[in-house]
Amino acid sequence: GFEDKLLAFEIKDFLEEYLDESLFNEIESVNIEDKAIIIKINSPLLKNDFTMRRSFYLKKFQDKFGEEKFTHLQIL
């Protein structure tokens with residue numbers, strides 16, 4: 001719903017501040033479905049980094065936006 005879209009937007013803003021500009025530009029989209037953050041990434045290198053550090057990023061998002069909002073992170 002609307003709240004998920006807003007949250008996805010806030011996550012994207014957070015990533016824009018957190019990542020280098022060239023890396024951020026590789027992120028195609030951020031969505032939230034059934035408490036899952038779904039991040040589409042164009043760059044194989046960045047996709048691999050997010051996949052390897054999935055729990056690190058999930059914890060970061062949970063700390064910032066609330067642990068109850070997300071149960072997992074999916075990288076596409």
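These values consider heavy atoms only, across backbone and side chains, with no hydrogens, waters or symmetry-generated copies.
The CD atom of Glu16 sits 8.0 Å away from atom CD of Glu21, with the distance rounded to the nearest 0.5 Å. How far NZ of Lys35 is from NE2 of His72: 11.5 Å, rounded to the nearest 0.5 Å. If you take CG on Asp20 and CD on Glu26, they are separated by 10.5 Å, rounding to the nearest 0.5 Å.
A donor-acceptor pair is defined here as one N or O able to donate and one able to accept, closer than 3.5 Å; no such pair exists between the side chain of Asn48 and the backbone of Pro44. Looking only at distances, no side-chain donor or acceptor of Lys69 sits under 3.5 Å from a matching main-chain atom of Asp4.
A single hydrophobic cluster is not seen to contain both Ile38 and Phe56; linkage of ILVMFWY side chains at heavy-atom distances under 4.5 Å, directly or through other members, places them apart. By the rule that hydrophobic residues join a cluster once side-chain heavy atoms approach within less than 4.5 Å of another member, Ile37 and Leu6 end up as members of separate clusters.
Between Ile75 and Tyr57, every side-chain heavy-atom pair lies at or beyond the 4.5 Å cut-off. Proximity of Asp49 to Leu23: side-chain heavy atoms (C-beta onward) are nowhere separated by under 4.5 Å. Looking only at side-chain heavy atoms (C-beta outward), Ile27 and Leu46 come within less than 4.5 Å of each other. Put simply, the side chain of Glu3 does not reach to within 4.5 Å of the side chain of Leu7, judged on heavy atoms. In this structure, the side chains of Lys12 and Phe24 come closer than 4.5 Å at one or more pairs of heavy atoms. Using a 4.5 Å heavy-atom cutoff, the side chains of Phe70 and Ile11 are in contact. When side chains are defined from C-beta on, Ile39 counts as touching Phe61, because their heavy atoms get closer than 4.5 Å.
Taking all atoms of both residues into account, the shortest heavy-atom contact from Phe14 to Lys64 is CD1-CD, 3.3 Å. The minimum heavy-atom distance between Ala8 and Asn31, with the atom names listed, is CB-CA, 4.1 Å. The heavy-atom pair separating Leu58 from Leu73 by the smallest distance is N-CD2, 4.0 Å.
Within a 6.0 Å radius of CG in Asn42, other residues, nucleotides and ligands contribute more than 12 heavy atoms. Annotation for Phe9: atom CZ does not count as buried by contact number, only 12 or fewer foreign heavy atoms lying within 6.0 Å. Counting non-hydrogen atoms of neighbouring residues, nucleotides and ligands closer than 6.0 angstrom, the CD atom of Glu67 reaches no more than 12 such neighbours.
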